[in-house]
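Accompanying notes for the structure given below.
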There are 2 protein chains.
Amino acid sequence: MATGRTHRPATRSRGIPEATVARLPLYLRALTALSERSVPTVSSEELAAAAGVNSAKLRKDFSYLGSYGTRGVGYDVEYLVYQISRELGLTQDWPVVIVGIGNLGAALAGYGGFASRGFRVAALIDADPAMTGKPVAGIPVQHSDDLEKIIAEDGVSIGVIATPAGVAQAVCDRLVAAGVTSILNFAPTVLSVPDGVDVRKVDLSIELQILAFHEQRKAGEEPGDEQPAPPQAAAPVAPPVATRTTAEGGRKGPDGDVPAVMPA
Amino acid sequence: MATGRTHRPATRSRGIPEATVARLPLYLRALTALSERSVPTVSSEELAAAAGVNSAKLRKDFSYLGSYGTRGVGYDVEYLVYQISRELGLTQDWPVVIVGIGNLGAALAGYGGFASRGFRVAALIDADPAMTGKPVAGIPVQHSDDLEKIIAEDGVSIGVIATPAGVAQAVCDRLVAAGVTSILNFAPTVLSVPDGVDVRKVDLSIELQILAFHEQRKAGEEPGDEQPAPPQAAAPVAPPVATRTTAEGGRKGPDGDVPAVMPA
DNA sequence: TGCTGTGAAAACTTTCACAGCC
DNA sequence: GGCTGTGAAAGTTTTCACAGCA
């Protein structure tokens, strides 16, 4: 598509595929490493190797951003770092709140990749009064009673949920009500949010299960056990699962993740 | 992204699409919850809502596993739990080693989702002698000198890397040399492994960057319709049940709405 | 009647391969 | 010669829509 007339990568031809967006951070990381080593230019082949993708894909991805390379030479590292950062919105500073300061929350708070990439931990929040005031990664934990105030004052629009699954939806509701419009959820539960709010999910056990699937394939090349358990007697349809049949979300590229409605 | 070089044109393989495999854990979790509530059967619509996907996709996914439902009725919860578990290889016990017991490693060690789903933390390993012997989540940390021995003795084939990026590749190499064939990498670096070894990556900063991308888009559009910054401080904690629908990326509407990317 | 299972269409993503510029 | 940028082909995933069975 985008037939002819592509003379202005300007800042207007949006329409970057989701799969490409998901890889931009990868390229950015590889480029940052090159930049630190003062490498001036890099070819699609080299950069692709550093990012762990193939070069054709990388070139195609970059073509959605514009023509930032030089034929016969490659890409200017600094320039590309800037362009991708801008595309990702990392030239501005994003205040982030982390809710739930257990081991995971603490790990996130101390994660270097945060600060170094346009994100700033605006606050650590926990419901346990015993945690209040305690510094974690150099930042004092605040009590969840103040959540709304903190979000409003700092203009936070991104929230990270690292609480137990049981309270994740409640925390999510409060975050959203307070104005957060992007949520990164580490709790193993499906969050339901209003339209316009973005949720991304990271689930450790899901990743492991996917690995187990492949691992099983490797080990059992021979379909030793195939016969599953016996069927079941049809049971009478049971207690309606309080469905809110309406929605169904869907999007996402690489690995699935999609929010939805939960039965109450 | 899974790196499974799983091409098997050979003997009657069931060839389940990767996208489907990635969703099976989601279904399994939703089904487990239903099972705990003793719900006997569930329809594709209900289960899809609970898992956060749409029902057509769910039915298609299940069709790759076989015909486990009953027309006019739905799916038997217990039976499906068993089938999916078997498909994912969770009917067997997978010993896992976690290398790098910082906050993240500790969080993983204590993560309930592990134990409850066919995984067993066989060992926690750290290079710091001061950590050796110290119990984390009830399991004593072992020194990395013993890594090979531990892997061999327990027949570990899945390893989790939660070390700093700088040593991740070295740890990976040792794991692979010792016999591990599946790796879950939390270090923000690209690991290179020999053919036949699977690597999955979880990177917090990448997820955040993707959120920032969409967040930036939201802020930049606004033809006039969108909930303006809800400056309503102190919002009632009352669950906004009413307007809640399925979450979604900033774009995409209810049903067959035109997806695509919003003209920024 | 209600809901699964599934071909077929549509949408999206990756890969190929080569024209075009340095 | 070397390498980018990109149409077009190939492959994958999602969605539609309905036949068919309990």
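Numbers restart at 1 for each chain; the letters A, B, ... are given by sequence-line order, proteins then strands. Keep in mind that the numbers below use all heavy atoms, side chains included, and drop hydrogens, waters and symmetry copies. Only a predicted model underlies this, so the values are computations on that prediction, with no experimental measurement involved.
The aromatic rings of B:Tyr79 and B:Tyr68 sit perpendicular, their planes meeting at an angle over 60°, well past the 30° parallel limit.
When the side-chain contact (heavy atoms from CB on, under 4.5 Å) test is applied to A:Thr20, the partners found at least two apart in sequence or on another chain are A:Ile16, A:Pro17, A:Arg23, A:Leu24, A:Asp61, A:Tyr64. Take B:Tyr27 and apply the ring-ring contact (aromatic ring centres under 6.0 Å, His included) test, not counting sequence neighbours, and it matches B:Phe62. Partners of A:Val81 by side-chain contact (heavy atoms from CB on, under 4.5 Å), not counting sequence neighbours, listed by chain and number: A:Leu28, A:Leu31, A:Val77, A:Ser85. With sequence neighbours excluded, no residue forms a side-chain contact (heavy atoms from CB on, under 4.5 Å) with B:Ala33. By the side chain to side chain donor-acceptor pair (under 3.5 Å) test, A:Glu78 pairs with A:Ser35, sequence neighbours left out. Residues that satisfy the side-chain contact (heavy atoms from CB on, under 4.5 Å) test with B:Thr181, not counting sequence neighbours, are A:Glu215, A:Lys218, B:Ser157. Applying the side chain to side chain donor-acceptor pair (under 3.5 Å) test to B:Asp173 and every residue at least two apart in sequence or in another chain returns B:Gln169.
Between C:dT15 and A:Lys57, a contact under 4.0 Å exists linking OP1 or OP2 to a side-chain N or O. Note on A:Asn54: a side-chain N or O is less than 4.0 Å away from OP1 or OP2 of C:dT15.
Look at CG on A:Leu65: it is 14 Å from C1' on D:dT4, rounded to the nearest Å. Between the CD1 atom of A:Ile16 and the C1' atom of C:dC12 there is a distance of 16 Å, given to the nearest Å.
Summary for the helix from C:dT1-D:dA22 to C:dC22-D:dG1: the axes at its two ends, each from 5 pairs, differ by 10° when rounded to the nearest 10 degrees.
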Its contact letters, B for base, S for sugar-phosphate only and - for none at protein heavy atoms under 4.0 Å, make nucleotides 1-8 of chain C read -BBBBBBB
